Structure formats: C-alpha cells, structure tokens
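Just so we're on the same page: letters track the sequence lines, and every chain starts at 1. Note that this is a predicted model, so its numbers are computed, not measured.
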Amino acid sequence: MQIETSGAVTSLELPFNPSFTFDCGQTFRWRPVDLDRNVWVGTVGEYVLEVSQNNVKLISQTRDKNNASGNFIEFVQKYFSHCDKLEEIYSSFPEDPFLEDAINRSYGLKILTQDPWECLISFVCSINKNIPSIKTIIRNLSLRFGRAIVKDSDGRFHTFPRPTDLARATEKELLETGIGFRWRYIKFIAEKVSSGELDLESLRALDFNQARNHLISRISRKTFGVGPKVADCTLLFSLHKTEAFPIDVWIRRCVVKNYSNLFVSQSNQTKIAHLTYEKMSTSMRERFGKYAGYAQQYMYMSMLTERRIIRGKAPA
DNA sequence: TCCCAGGTCCTAC
DNA sequence: GTAGGACCTGGG
C-alpha cells in the first residue's frame, strides 16, 4: 500500500482489500467511487482520503491550523493498523475449515484503528438499526454538527462531530438527524467525554477487561446505552483490543451453526442460541485467542455474503 | 403496508 | 440471573 499526499507517495504493506475492509460493518463513513478498481473515498478525522488496493491519496483536509491529527503518514499507518501482519494473524488461528473458508472469501480484510469517540457513538447509533440506516444517521450527524472539509459532486465531506458539539445539541436538533431514542445515550456520553469524566484514549493503556468495564454502562455508570456488543465493537475497531469478539444476531447464528461442539454441556441448538452473550463471547475468545476479533470479522463477512447470495445480490 | 434491524434498558419474577 | 416488552425510525 502507498500513501500519497500532494503528489508524494509512501508505501504500506499488502495484503489489503478496501472493499472487504470498508464494507464489513466496522466503519460507516466510506463509499465506493470505482468498484471495478476497488477505489473508495472516506472521511477520517480531519482528512478526506481516496483509497485503492495499494494506494492512499490525500484528497483534502480541514483548514483548521490546530489539526489534531499530527503527522499524516503516521496517522494513516495507525488508522490502517500497520502493526497488524495479516499472514501472522491468519496462522495464529487453530485448524478450522469454516474460518479458513471465510478468510479465503474476504482475504485482505483489515481491522482499522479508528477514533474511539467516533467509533463509540457510531455503534450506539447502530442499536436496532440496519447498516444503510446507520450510515444515514452518521452522515446526518456529521452534516449537522461536524465541520465542512471540501465540496464534492455529492455535497460536502464533513468531520465527525466533536464531543462538545453533541453535548451542546438539543433534543430537537438531535432528533432531526433520525437517531430516535438513541439521542439520550449520545448526549449522555458526549457530556461525560467533553467534561473529561470519561477519557476514551486512556483506555488504550488498560487491558481488555479493564477497558471493557469502563465502557459498559451498568458497570461504569460513565456511559448510558453501552452494552457488551457496543463495548466490544469499540474495543475492537478503535482501541485495537483484537481479542474482543462482538456478538450480533449474525455471529450468534454463525456460532450456533458452526461451533455448537464448543458448548458440550448444551444439548441442543435452541439452548445454544439462547446462551448469554458473555458465555458465548468468552468461549470464542478462548478458541481464537489474541486475534479473536479478526476471526469474528471474517465470520461476519461470510454470513453477510451468504445472505446477499440468498437475496440475489452480488457481494460488494 | 409491514417487518425488521450488527441492542439496551427496565421491570417483574 | 434472566425472560420479555418497549423503544424511534427508515430501508427493503
């Protein structure tokens, strides 16, 4: 992979596949501009980027002189989890025909290291929503409360709102974006983050369980609307706790279908389908280890592809 | 028009 | 500790 800024080009390592990486449900701010060439455009922090198989190009950035993103190359390397070597990750998994097939189908999918604030709010927005709706809500939030970066043919790119932007927003303003009942959750978290009571960046230094306990509402009381699923997504997609194994309806179906043998005490599939989140997630972390979150993403993509085929739509 | 969505909260038992 | 209902709203 190369990084291009104002004509300058820098290389990053392959394998990397933009479609699988941006369309696997870990981020909601990318859109394809040329699927044949696998070219995507998205907003990351203060930047608008165009990304293809082996090239990252800086399209524009905010005029904010206090651009908090720092060195652009380092910023991009961190975002694309430069430290993660996919071949090492693949070979760390136990022998597993289903996972091997899932990896082959989505070879080059990489887990990003996103901004934890944006990631947490995005997954709060995801509660009881499908992916197209989540994208719409996040776009509306950015249009209404973010800062304009550059005009393009499809309107403008906007930064994701800052915690203070959402803490100041009224109920009416928030509801106009289509977030529905989630507005209380978002405003509550925005207030905690902007006051400094909840420091998301500091969670990077904690181990998985400590960081998780800081995020889950009923434990920490510093969030509201954050259950185990939203916490695990935030840990995996922004704080780079790669052992996190988020369980949604599709992963639950996947586990019931392919991993029922792991739950020997459970006699039938109905019982396994109703296993508690914690029991299922812990078992999968124990099986797949340090990179369980990568295994989860490939499984999710496999289920998604299967659904698209059933519905007669070609995989992205 | 109706169902359902990458869940969480709250209440009741 | 857990089962079940309520929750805004838009996409399919």
Checklist entry - Given the side-chain rings of Phe123(A) and Phe28(A), with only the six-membered ring counted for Trp, is the space between their centroids under 6.0 Å? => result yes
Next on the checklist: Is the distance from the ring center of Tyr90(A) to that of Tyr298(A) below 6.0 Å?
Outcome noted: yes
Item to check | Between dC3(B) and dG5(C) - P atom distance, rounded Å | outcome: 16 Å
Next on the checklist: Suppose you measure atom P in dC9(B) against the same atom in dG10(C); what distance do you get, rounded to whole Å?
Outcome noted: 23 Å
Checklist outcome for this item: Those residues at least two apart in sequence (or on a different chain) that pass side-chain contact (heavy atoms from CB on, under 4.5 Å) with Asn258(A) are Phe98(A), Cys254(A)
Checklist entry - Can you check the Glu278(A) CD to dG1(C) P distance for me, whole Å? => result 12 Å
Item to check | Pair Glu173(A)-Arg144(A), salt bridge (charged side-chain N to carboxylate O under 4.0 Å, His left out): steps then yes or no | outcome: CA-CA 9 Å; Glu173(A) 288 171 335; Arg144(A) 177 66 182 79; 3.0 Å; yes
Checklist entry - What residues form a side-chain contact (heavy atoms from CB on, under 4.5 Å) with Asn130(A), not counting sequence neighbours? => result Pro132(A), Ser133(A)
Checklist entry - Can you check whether Leu235(A) reaches Phe208(A) side chain to side chain, under 4.5 Å on heavy atoms? => result yes
Checklist entry - Atom CZ of Phe123(A) and atom C1' of dG7(B): how far apart are they, to the nearest Å? => result 12 Å
Checklist entry - Using the P atom in both, what is the distance from dG6(B) to dG4(C), to the nearest Å? => result 23 Å
Checklist entry - Can Tyr300(A) be classed as stacking with the base of dG6(B), given a centroid separation cut-off of 5.5 Å and a plane angle cut-off of 30°? => result yes
Next on the checklist: Between Ser126(A) and dG7(B), is there a contact of a side-chain N or O with OP1 or OP2 at under 4.0 Å?
Outcome noted: no
N/O-N/O pairs, protein side and nucleotides 1-3 of chain B side, under 3.5 Å:
none

Item to check | Spacing of Ile186(A) atom CD1 relative to dG7(B) atom P, expressed in whole Å | outcome: 15 Å
Checklist entry - Nearest-Å distance, CD (Gln114(A)) to C1' (dG6(B))? => result 14 Å
Checklist entry - For residues 214-229 of chain A, which residues have at least one heavy atom under 4.0 Å from DNA chain B? => result Ser217(A), Phe224(A), Gly225(A), Val226(A), Gly227(A), Pro228(A), Lys229(A)
Item to check | Between Arg29(A) and Ser142(A): side-chain donor-acceptor atoms closer than 3.5 Å | outcome: yes
Checklist entry - When we call it a touch if two heavy atoms are under 4.0 Å apart, what does Cys125(A) touch: a base, just sugar-phosphate, or nothing? => result nothing
Item to check | Rounded distance in Å - CE (Met280(A)) to C1' (dG6(B)) | outcome: 15 Å
Next on the checklist: The criterion is side-chain contact (heavy atoms from CB on, under 4.5 Å); which residues satisfy it with Thr223(A), sequence neighbours excluded?
Outcome noted: Ile189(A), Leu198(A), Ser217(A), Ser220(A), Val226(A)
Checklist entry - Aromatic ring centroids of Tyr47(A) and Tyr79(A) under 6.0 Å? => result no
Checklist entry - Restricting to pairs with a member in residues 225-246 of chain A, which pass salt bridge (Lys or Arg N to Asp or Glu O under 4.0 Å), not counting sequence neighbours? => result Arg212(A)-Asp232(A)
Next on the checklist: Would you say Ser81(A) and Thr113(A) are linked by a side-chain donor-acceptor pair, where the criterion is simply a distance under 3.5 Å?
Outcome noted: yes
Protein-nucleic acid N or O pairs under 3.5 Å, nucleotides 6-9 of chain C:
from	atom 1	to	atom 2	distance (Å)
dC8(C)	O4'	Phe181(A)	N	3.4
dC8(C)	O2	Arg182(A)	NH1	2.8
dC8(C)	N3	Arg182(A)	NH2	3.1
dT9(C)	O2	Lys129(A)	NZ	2.8

Checklist entry - Could you state the interatomic distance from CG (Leu262(A)) to CG (Leu275(A)), rounded to the nearest 0.5 Å? => result 10.5 Å
Checklist entry - Would one find more than 12 heavy atoms of other residues, nucleotides or ligands at under 6.0 Å from atom CZ of Arg204(A)? => result yes
Item to check | Spacing of Phe188(A) atom CZ relative to dT8(B) atom P, expressed in whole Å | outcome: 15 Å
Checklist entry - Above 12 or not: heavy atoms from other molecules or residues under 6.0 Å from NE2 of His240(A)? => result yes
Checklist outcome for this item: Rounded to whole Å, the CG-P distance (Leu236(A) to dG6(B)) equals 18 Å
Checklist entry - Could you give all pairs that pass the salt bridge (Lys or Arg N to Asp or Glu O under 4.0 Å) test and reach residues 282-293 of chain A, with sequence neighbours left out? => result Asp96(A)-Arg287(A)
Next on the checklist: From CZ of Phe28(A) over to C1' of dG11(C), roughly how many Å is that when rounded to an integer?
Outcome noted: 15 Å
Checklist entry - At under 4.0 Å between heavy atoms, what does Glu176(A) touch on the DNA or RNA strands: base, sugar-phosphate, or nothing? => result nothing
Next on the checklist: My understanding is that only residues two or more places apart in sequence, or in another chain, count here; which of them pass salt bridge (Lys or Arg N to Asp or Glu O under 4.0 Å) with Arg218(A)?
Outcome noted: none
Checklist outcome for this item: Expected list for residues 285-297 of chain A near DNA chain B, using heavy atoms below 4.0 Å, is Gln296(A), Gln297(A)
Checklist outcome for this item: Residues at least two apart in sequence or cross-chain that pass side-chain contact (heavy atoms from CB on, under 4.5 Å) with Glu191(A), listed by chain then number, are Ala167(A), Lys187(A)
Checklist outcome for this item: Any stem touching DNA chain C, meaning at least three consecutive Watson-Crick or G-U pairs under 3.5 Å, ordered by first number, would be B:2-5 with C:9-12, B:7-13 with C:1-7
